[in-house]
Amino acid sequence: MTTDSGTKDITDAPSLDKDAAGLVKGIQRHYLRTLGQHTSSTSNHYKYQALAYTIRDHLMQNWKNTKDAYIEKDGKRAYYLSLEFLMGRALGNAILNLGMDDETADALHQLGLSYEEKIEMERDAGLGNGGLGRLAACFIDSCATLQLPVTGYGIRYEFGMFRQLIQNGYQVEEPDHWLNYGNVWEMNRPEYTQRIHFGGHSECYHDDQGVMRCRWADTQDVLAIPYDTPIPGFENGTVNTLRLWKSAATDEFNLSEFNAGDYAEAVAAKNRAEDISMVLYPNDTSECGKELRLRQQYFLASASIKDVLRQWTEHHGVDFSHFADKNCFQLNDTHPTISVAELMRLLIDEYRLEWDEAWSITSRTMAYTNHTLLPEALERWPVHMFGALLPRLLDIIYEINASFLTEVADRWPGDVERQRRMSIIEEGDVQQVRMAYLAIVGSFSVNGVAQLHSDLLVEGLFKDFHELWPEKFNNKTNGVTQRRWMAWCNKSLSRLISDSIGNGWVTDLAQLRHLASRVDDAGFRQQWADCKRENKVRLSRLVSEKCGVDFAPDAMFDIQVKRIHEYKRQLLNVLHVIHLYDRIKRGDTENWTPRCVLIGGKAAPGYYMAKQIIKLVSNVAQVVNNDPDVGDKLKVVFFPNYRVSAMEVIAPAADLSEQISTAGKEASGTGNMKFMMNGALTIGTLDGANIEIREEVGDENFFLFGLNAEEVEAMHGHYDPNGIIAGDEDFKRVMTLLECGHFSQFEPGLFAEIIGAIRSDRDPWMVAADFRSYLDAQQRAATAYLDQQSWVKMSILNTAYSGKFSTDRTMQDYNRDIWKLSPIAPN
Ligand code: 62N
């Protein structure tokens, strides 16, 4: 386009050809001109990069159009604040969402390159621990597909989740320097840098109008530099943004030290600033209490809120009267909850609003999602640490608490015990800031992530708050994105499904229910079984490569992958494996169902018991896999370095999904949904979203066992594991094998703590209580598997009834009840 003055518009880039020929040209151009590669024989990595740049080119115009449309429509917007975004690989997802899969395959074929090899060159973006981080990634995928104006805000960790090696059966952690070879998907935006304060002190002063005000003085500042990643919707022209902040030293920070002549101290200070975004904390439950972690939380909160206020004032000036109608922050657990105090601080100290007005805005803008019922996982920060690092924010929290406790006192006059219980500040040897309580007080919405979890929250942990503000509390059952967890990772099944019911399920997962009527079609069942088998062959190759064990594709693939934690009860799984081994050794193998058991997941580096459990799985695997009596009846592996890209191979190949947490402990689970969607049957307790999965698929297509949450609670004080063991011949033999050192021949006493935990009447996870019922359910599953015709029917029905568990549905629920955004389509 040429303007009146005869100049050309710099934003008016020529459009690109989406066909294979266009892609070939793009790949060739980037290989030479962007990457400077001259010979076709150099490493695959440059070829991956050339492809990734080419695909990225196709996102850019849509990204710009989406931003323009959001600005032009000026609708309400939401921000997903999360310390974790477990994105995995981006290339395949972008290709899928652009609808360019066939063209890409064709282009790579023309260039004599392998599609799969290029995909595998990409490092996972592992900026999360587990379910909570992956949920954030699925959420922003669905928001883009639904054309909701939602931006993700997080931290650009230099080191993501550690790489897990297994050495001599033990977990060994290696740093994950995932940016080593560059990141094609991020765009550095230094022009939006923010300045973040730490330390110093708060002081009062009179402003130019003589009004008494507070400010935060003598701070040590750090810069927050944004890096944007495009988040494409499915074939809809929308590309949303994930904005991740990197920390950097300020110039004058260095300069003042430099002028004082202390060069070394200047460089060290620079390091301290850059520490903030250096590493993801690998704890998936209890908070570590480290000051650096609190720095990370404030860094994210402050940078993100300032970024939103910058955009607001650019378009609306300093009139905040409609801010709460136009903006909503969703807090992913308590990790970014300091946002409540930071928004207050900015409105009061920087924009000079009155307290009440600022509070009205803040508490109509924040919404909090809880992801755990474990009391030890609730974040608390020592007041002294808080005050030293964020003095002005501590002032504000005290003031929020004071007016909150007045409200409590008005509602329950004289109930000082209740005030003590509900206070944001916990009294005791060391005073602590209770972040969950700050989140509840500061938010208009508080939600759990599955119905049972939400019910238990208001009956237990948050009971007092529910009595005060029942209207705040709600449930939003989790989901997963079917684009990654079916359309991309299970292409053969996706094709079969689309051939059968059309491809509407890709954006409307409920349509899968139309598959239910196909279960009586023997031809369809055969095709379904063929897809599963093909996926099992693919997983077998991976297992053979990573574990050196051969999985026979006709055996039942029995899989538990998730973080290693006592409440998730990988131990119960191992006890069952030992029981199967024991049966084989005793010759009790009539009507045997061959099984391949795969267990994978990372342990928090400081979690001793979790690491012992990994060692136990490895040792049991060692014995079982090398016993000639066992042969193909049973194989067991500990799958190393479980992560998003591994799940893309594992979920499509699973027959049986292990969801065996102690009832009332797993908030939701989301792996359970990925397995169900891919046609696995669940063996599970009445916990988290398992309950809803069973409701959807029907009891006859689900292997239920174990105590329910109420029974678990009632059992405390009466639990007698040693009695249970003594009364159960199978259990006794399993314990004998463990206790005689059969799985620790050269390391006597190795599993003493594990044995002690199983036998302890204070075992909070009650492994022994569910042992018998678990074995029975496993036997039902094994028997069912022998009838392949009926198993395949159940498999189809699991997929057919998985429609509820799409994050498209979850995001529509958040939007209807909490965010209230209008979808905006770009031009
Ligand atoms: C999971 F830094 N939580 C739930 F210590 N937490 O366990 C699972 F503060 O049931 C849900 O399905 C899932 O969330 C999604 O709702 C989870 O993954 C963490 O990863 C985590 C990370 C850091 C911390 C605490 C918990 C800490």
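Just so you know, ligand 1 is whichever comes first in the structure, and atom 1 is the first atom listed for that ligand. Note that the numbering runs from 1 along the sequence shown for the chain.
Nearest protein heavy-atom contact of atom 25 (C) of ligand 1 is T285 O, 3.1 Å. Residue, atom and distance of the protein heavy atom nearest to atom 26 (C) of ligand 1 are D284 O, 2.9 Å. Distance from atom 4 (C) of ligand 1 to its nearest protein heavy atom, with residue and atom name: H371 O, 3.6 Å.
Under the 6.0 Å cut-off for aromatic ring centres, F473 and F465 do not qualify, their centroids lying 6.0 Å or more apart.
The environment of R762 atom CZ is sparse: at most 12 non-hydrogen atoms of other residues, nucleotides or ligands sit within 6.0 angstrom.
Of the possible polar contacts, none joining the N798 side chain to the M676 backbone as a donor-acceptor pair under 3.5 Å is found. Checked by atom type and distance alone, the side chain of D176 never pairs as donor or acceptor with a backbone atom of F159 at under 3.5 Å.
Each of the following atoms of ligand 1 lies closer than 4.0 Å to a heavy atom of N129: 20 (O), 22 (C). Every atom of ligand 1 is numbered from 1 in the order shown, and the set under 4.0 Å from a heavy atom of A667 is 10 (O). Per-residue contacts place G131 under 4.0 angstrom from the following atoms of ligand 1 (heavy atoms of the residue considered): 13 (C), 14 (O), 15 (C), 18 (O).
With no hydrogens or angles considered, no side-chain donor-acceptor pair links S277 and W245 at under 3.5 Å. Using modelled atom types, one finds a donor on one side chain and an acceptor on the other under 3.5 Å when comparing H371 with N332. In summary, the side chains of E376 and T285 do not present any donor paired with an acceptor at a separation below 3.5 Å, with no hydrogens or angles considered.
For ligand 1, the polar-atom distance check finds an N/O of E666 within less than 3.5 Å of one of the ligand's N/O atoms. Inclusion of L132 in the set of residues having an N or O under 3.5 Å from an N or O of ligand 1 is warranted. Backbone and side-chain nitrogen or oxygen atoms of Y567 are examined, and one is located within less than 3.5 angstrom of a nitrogen or oxygen of ligand 1. The N/O atoms of G669, backbone and side chain alike, include one that comes under 3.5 Å of an N/O atom in ligand 1. An N or O contact shorter than 3.5 Å is missing between N283 and ligand 1 by distance.
The pair D284-K562 does not meet the salt-bridge criterion, since no charged nitrogen lies less than 4.0 angstrom from a carboxylate oxygen.
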Quick one, Y814 with N447, criterion side-chain hydrogen bond (donor to acceptor under 3.5 Å, both in side chains). Give me CA distance, side-chain angles, the key distance, then yes/no. CA-CA 10 Å; Y814 274 80; N447 75 280; 3.1 Å; yes
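Judged by the shortest distance from any of its heavy atoms, E84 lies inside the 4.0 Å radius around the atoms of ligand 1. Note on ligand 1: T372 sits outside its first shell, no heavy atom being nearer than 4.0 Å. The closest approach between a heavy atom of R293 and any atom of ligand 1 is below 4.0 Å.
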